[in-house]
Amino acid sequence: MRLTADEKTVPRIHLIGTLLTVLVLTLALGGFFSWQSLSEQRAAFARVELAATQQLEARLQAEMDGVTNFIEFTRSRTEDVLRRSLTEQVDTAYQIVESIYAQEARRRPPAEVKRLIIEALRPARFYEGRGYYFIDDMQGQFILLPTAPQLEGKTILDNRDDTGHYIMRGLIEAARQPRDEGFSRYRWYRPDDATQMADKLAYVRHFAPYDWLIGTGDYTYKWEALQQKEALARLRALHFGQSGRFGVLDGSGRNLLSPSDRALDGMLIHDMAAPEKAALEKLLAAGERGGGFVRYQWLACSARSCASKRLVMTSAYSIC
């Protein structure tokens, strides 16, 4: 078919060209404004998401700062709590000794009074069975040692721990200190492993009538564990927002506190299922780097139970 330019076709061609031009311009402008609108929407969404993320990070940072301050405070109190408890235990024993001495010293020979005091204190146990009272004289003789009665009556001034510290000499020196200052540090065999020594703190008081020191002690790691247990119980009860909870990992990769599934408490990361393992490995790595924000996937429980779970994106702040 051939087109002939005449007075009839030229206006038609012109009209068609004009319409096509208008259509192209309309489509181009519509596309441009649609793209511009979409870009603005995306930018707006990005700004909203950034603002929400910044608010979330600020909230997480504030919550974490509060929790780490609490943990540090709890840890710093460990020795004070132990010192106070040791002092109370020895004061109780001291009152018993003073009472027996006041009642019997005028009626019985010194040897009998001493025996009454020794046997009154011998069966006492506390600190989950670890704690007991001991009595030494100021020359280094064992008067009462419930854990090794075969040593009673013997003088051992040169017994040392695995650091070279003279244990008996340290206790004698502590007994010469003023009231409430008679503490001595040394290392002794662990109750759960007789081949290893651990740090121990003792408190002693001098009983002048017989030139005795009366005291007791306990392992500091046991009290650290007790304070840790108290801190974990407090963290388990804390929450913020609608779903904010705290989780705790130790440096070996053991999960001490799971924010959503108690079945994971006490488990090592490498023993967990893949989703939990991947998430906690990220958190542990961040903690080993000094802390920071981590985005990871976690299984979320429904409001009533954990039978139905779904994957959600969660942010966390990790510390060493």
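Excluded from the calculations below are hydrogen atoms, water molecules and symmetry mates; all remaining heavy atoms, backbone and side chain alike, are included. Computed from a predicted model, the values in this text were never measured in an experiment.
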Asker: Against the six-membered ring of F183, is R83 placed for a cation-pi contact (under 6.0 Å from the centre, within 45° of the normal)?
Answerer: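 That pair qualifies as a cation-pi contact.
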Asker: For the pair D265 and R236, find out whether any cationic side-chain nitrogen is under 4.0 Å from an anionic carboxylate oxygen.
Answerer: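 R236 and D265: salt-bridged.
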Asker: Does the ring of F142 carry K154 above it, NZ/CZ under 6.0 angstrom from centre and within 45° of its axis?
Answerer: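 That pair does not qualify as a cation-pi contact.
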Asker: Would one find more than 12 heavy atoms of other residues, nucleotides or ligands at under 6.0 Å from atom CD of Q150?
Answerer: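 Check passes, neighbour count above 12.
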Asker: Just jot down the salt bridge (Lys or Arg N to Asp or Glu O under 4.0 Å) partners of E173, sequence neighbours excluded, or say none.
Answerer: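 Salt bridge (Lys or Arg N to Asp or Glu O under 4.0 Å) list for E173, sorted by chain: R176.
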Asker: Hey, is CZ on R262 packed in by over 12 heavy atoms from elsewhere, all under 6.0 Å?
Answerer: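 No, CZ of R262 has 12 or fewer neighbouring heavy atoms, counting only those of other groups under 6.0 Å.
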Asker: Ignoring hydrogens, what is the shortest heavy-atom contact between D250 and S252? Give both atom names and the distance.
Answerer: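 It is OD1-OG, 2.8 Å.
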Asker: Could you tabulate the donor-acceptor pairs under 3.5 Å formed by side-chain atoms of residues 220-227, not counting sequence neighbours?
Answerer:
| unit_1 | atom_1 | unit_2 | atom_2 | d |
| --- | --- | --- | --- | --- |
| Y221 | OH | D192 | OD1 | 3.4 |
| W223 | NE1 | D218 | OD2 | 2.7 |
| Q227 | NE2 | T74 | O | 3.3 |

Asker: Is D91 salt-bridged to R179, cutoff N-O under 4.0 Å?
Answerer: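 Between R179 and D91 there is a salt bridge, with a charged N closer than 4.0 Å to a carboxylate O.
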Asker: Work out which heavy atom in H206 is nearest to a heavy atom in A175; give both atom names and the distance.
Answerer: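 The answer is CB-O, 3.5 Å.
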Asker: Indicate yes or no: does R205 engage E98 in a salt bridge with an N to O separation below 4.0 Å.
Answerer: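 No salt bridge links R205 with E98.
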Asker: Is a salt bridge present between R122 and E152, judged by a nitrogen-to-oxygen distance below 4.0 Å?
Answerer: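 A salt bridge links R122 with E152.
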Asker: So for atom OH, which belongs to Y166, do other residues, nucleotides or ligands contribute more than 12 heavy atoms lying within a distance under 6.0 Å?
Answerer: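 Yes, enclosed.
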Asker: Nearest heavy-atom pair of G153 and Q141: which atoms, and what distance?
Answerer: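 Where G153 meets Q141 most closely, the heavy atoms are O-NE2, 3.2 Å.
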Asker: Can you find a side-chain donor-acceptor pair between Y133 and Q89 that sits under 3.5 Å?
Answerer: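 Side chains of Y133 and Q89: pair found under 3.5 Å.
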Asker: Is it true that Y127 and S85 share a donor-acceptor pair across their side chains at a distance under 3.5 Å?
Answerer: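 Side chains of S85 and Y127: pair found under 3.5 Å.
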Asker: Could you tell me whether F207 and Y210 have their ring centroids closer than 6.0 angstrom?
Answerer: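 Yes: the rings meet the under 6.0 Å criterion.
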Asker: Using every non-hydrogen atom in the two residues, find where L86 and L201 come nearest and quote the distance to one decimal.
Answerer: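 Residues L86 and L201, closest heavy atoms: CD1-O, 3.4 Å.
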Asker: Verify side-chain contact (heavy atoms from CB on, under 4.5 Å) between T147 and Y132, making sure each step is shown before the conclusion.
Answerer: CA-CA 8 Å; T147 57; Y132 57 88; 3.4 Å; yes
Asker: Of the non-hydrogen atoms in K200 and W188, which two are nearest, and what is the gap between them?
Answerer: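 The answer is CD-CB, 4.2 Å.
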Asker: Where do P149 and P146 come nearest, in terms of heavy atoms and distance?
Answerer: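 Nearest heavy atoms, P149 then P146: CD-O, 3.5 Å.
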